[in-house]
2 protein chains.
Amino acid sequence: MRPLFHPAIEDVQPEAILHALSDPRRAAIFARITKAGCVEACSAVSAVGDQVIPKSSLSSHFKILREAGLIRCERHGVEMRNHSRCAEVEARFPGLLSAIMNAYAAS
Amino acid sequence: MRPLFHPAIEDVQPEAILHALSDPRRAAIFARITKAGCVEACSAVSAVGDQVIPKSSLSSHFKILREAGLIRCERHGVEMRNHSRCAEVEARFPGLLSAIMNAYAAS
DNA sequence: CCCATAGTTCGGGATTTCGGAACTACTGAA
DNA sequence: TTCAGTAGTTCCGAAATCCCGAACTATGGG
């Protein structure tokens with residue numbers, strides 16, 4: 001399997017990050033990956049709140065997060081490990097991710 | 001003319017703000033309104049960069065910014081005055097708007 | 001092999017966005 | 001008061017995007 005595309009941190013665009021996180025389900029997925037020590041399988045987040053997410057939708061959510069530069073995905077056997085790129089993104093856009101996650105937590 | 005709808009600051013949702021600002025043109029419009037002492041006519045931002053924005057599109061951009069709680073619009077004679085709600089939003093979601101605007105400025 | 005599991009891709013229906021044209025709201029001048 | 005001009009909104013069809021079930025691919029264990 002060919003390795004998945006990940007943008008270099010300097011190619012990461014604010015609009016892509018805002019678009020990715022403007023969906024509360026994606027924001028919740030990203031928050032969970034970031035909190036969970038930066039490693040988790042995709043299907044581990046098969047539901048957000050009480051809402052079940054079909055796996056085709058889930059797959060596209062992960063793709064959007066990945067292409068926005070928010071997560072890094074690599075296959076380990078049959079499952080995927082998802083690492084948060086939180087630290088890299090924070091270095092490039094200081095305060096952005098923490099402010100967004102705080103805003104969701106406060107709402 | 002009936003007054004335009006504006007959400008109360010406590011009803012403002014992070015996803016609406018992120019969605020509104022995930023479009024670089026809307027982000028540029030918001031930045032301009034915020035910088036320009038919080039007052040400006042809609043048609044004063046008829047272009048962003050070298051890209052002309054048709055007025056029906058401009059109207060919908062302003063509507064999205066307004067309904068997201070980012071700006072306050074009121075008619076004064078034939079034109080509209082747009083005030084940034086930046087301070088209110090910063091109070092509700094500390095650091096959010098400044099981080100977003102900095103990210104755009106840095107990219 | 002064959003099966004089970006984890007994700008991806010495909011397809012087409014629902015939703016959203018875009019922008020030109022027509023419309024409304026307001027002002028000032030004749 | 002009527003007319004003309006300016007500022008924005010609404011309408012509507014085309015284009016783009018989102019959503020999710022079904023089919024498919026990739027991997028590992030019997």
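Residue numbers start from 1 in every chain, and the chains themselves are labelled A, B, ... in the order their sequence lines are given, proteins ahead of strands.
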B:V45 vs B:I53 side-chain heavy atoms within contact, under 4.5 Å: no
Within residues 44-68 of chain B or reaching into it, pairs that qualify as salt bridge (charged side-chain N to carboxylate O under 4.0 Å, His left out) - sequence neighbours excluded: none
Would you mind reading off the distance between A:E15 atom CD and D:dT17 atom P, rounded to a whole angstrom? 14 Å
What string of B, S and - do you get for nucleotides 11-16 of chain D, 5' to 3', when a contact is any protein heavy atom under 4.0 Å? ------
Please round to the nearest 0.5 Å and tell me the distance separating atom CD of A:E88 and atom CZ of A:R72. 5.0 Å
B:S59 side chain near D:dG8 phosphate (N/O to OP1/OP2, under 4.0 Å): no
Please state how far atom CG in B:L65 lies from atom C1' in D:dT9, giving the value in whole angstrom units. 16 Å
Tell me: NZ of A:K63 to C1' of C:dT9, nearest whole Å? 9 Å
Can you sort out the partners of A:S22 under side-chain contact (heavy atoms from CB on, under 4.5 Å), two or more places apart, ordered by chain and number? A:H19, B:L18, B:H19
Please enumerate all residues that pass side-chain contact (heavy atoms from CB on, under 4.5 Å) together with B:E79, with sequence neighbours excluded. B:A41
Measure from the side-chain N and O atoms of B:H6 to the backbone N and O of B:L4, and report whether any donor-acceptor pair falls under 3.5 Å. yes
How would you list, by chain and number, every residue that makes a side chain to side chain donor-acceptor pair (under 3.5 Å) with B:R92, sequence neighbours excluded? none
From NZ of B:K55 over to P of D:dT10, roughly how many Å is that when rounded to an integer? 13 Å
Restricting to pairs with a member in residues 3-15 of chain B, which pass salt bridge (charged side-chain N to carboxylate O under 4.0 Å, His left out), not counting sequence neighbours? none
Rounded to whole angstroms, how far apart are CZ on B:F62 and P on D:dA7? 13 Å
Is there a side-chain contact between B:M80 and B:S59 in this structure, where contact means two heavy atoms from C-beta onward sitting under 4.5 Å apart? no
Shortest non-hydrogen contact from B:G69 toward B:V89: O-CG2, 3.6 Å
Working to the nearest 0.5 Å, report the span between CD1 of A:I29 and CG of A:L70. 11.5 Å
What stems, by residue range, does DNA chain D take part in, given at least 3 consecutive Watson-Crick or G-U pairs under 3.5 Å? C:1-30 with D:1-30
Within-4.5 Å side-chain heavy-atom neighbours: A:K35 and A:S84: no
Give the rounded distance in Å between these two atoms: CZ of A:R66 and C1' of C:dT8. 10 Å
Between protein and nucleic acid, restricted to nucleotides 28-30 of chain C and to nitrogen or oxygen atoms under 3.5 Å apart, what atom pairs and distances do you find?
none

Quick one: side chains of residues 95-107 of chain A, donor-acceptor pairs under 3.5 Å with protein atoms, not counting sequence neighbours, listed by atom name and distance.
unit_1, atom_1, unit_2, atom_2, d
A:S98, OG, A:G95, O, 3.2
A:N102, ND2, A:S98, O, 3.2
A:Y104, OH, A:L21, O, 2.7
A:S107, OG, A:Y104, O, 3.1

C:dA25 C1' sits how many Å from B:R75 CZ, rounded? 5 Å
Nucleotide C:dA6, atom P - distance to CG of A:L58 in whole Å: 12 Å
Set of residues satisfying side chain to side chain donor-acceptor pair (under 3.5 Å) with respect to A:R26, sequence neighbours excluded: A:H61
Can you pull every protein N or O that's under 3.5 Å from an N or O on nucleotides 13-18 of chain C?
unit_1, atom_1, unit_2, atom_2, d
C:dT17, OP1, B:H19, NE2, 3.0
C:dC18, OP1, B:R25, NH2, 2.9

Sort me out a list of protein N/O and nucleotides 28-30 of chain D N/O pairs below 3.5 Å, or just none if empty.
none

Could you check whether any side-chain heavy atom of A:I17 comes within less than 4.5 Å of a side-chain heavy atom of A:F30, counting everything from C-beta outward? no
Hydrophobic cluster identity match, B:L65 and B:V48, side-chain contacts under 4.5 Å: yes
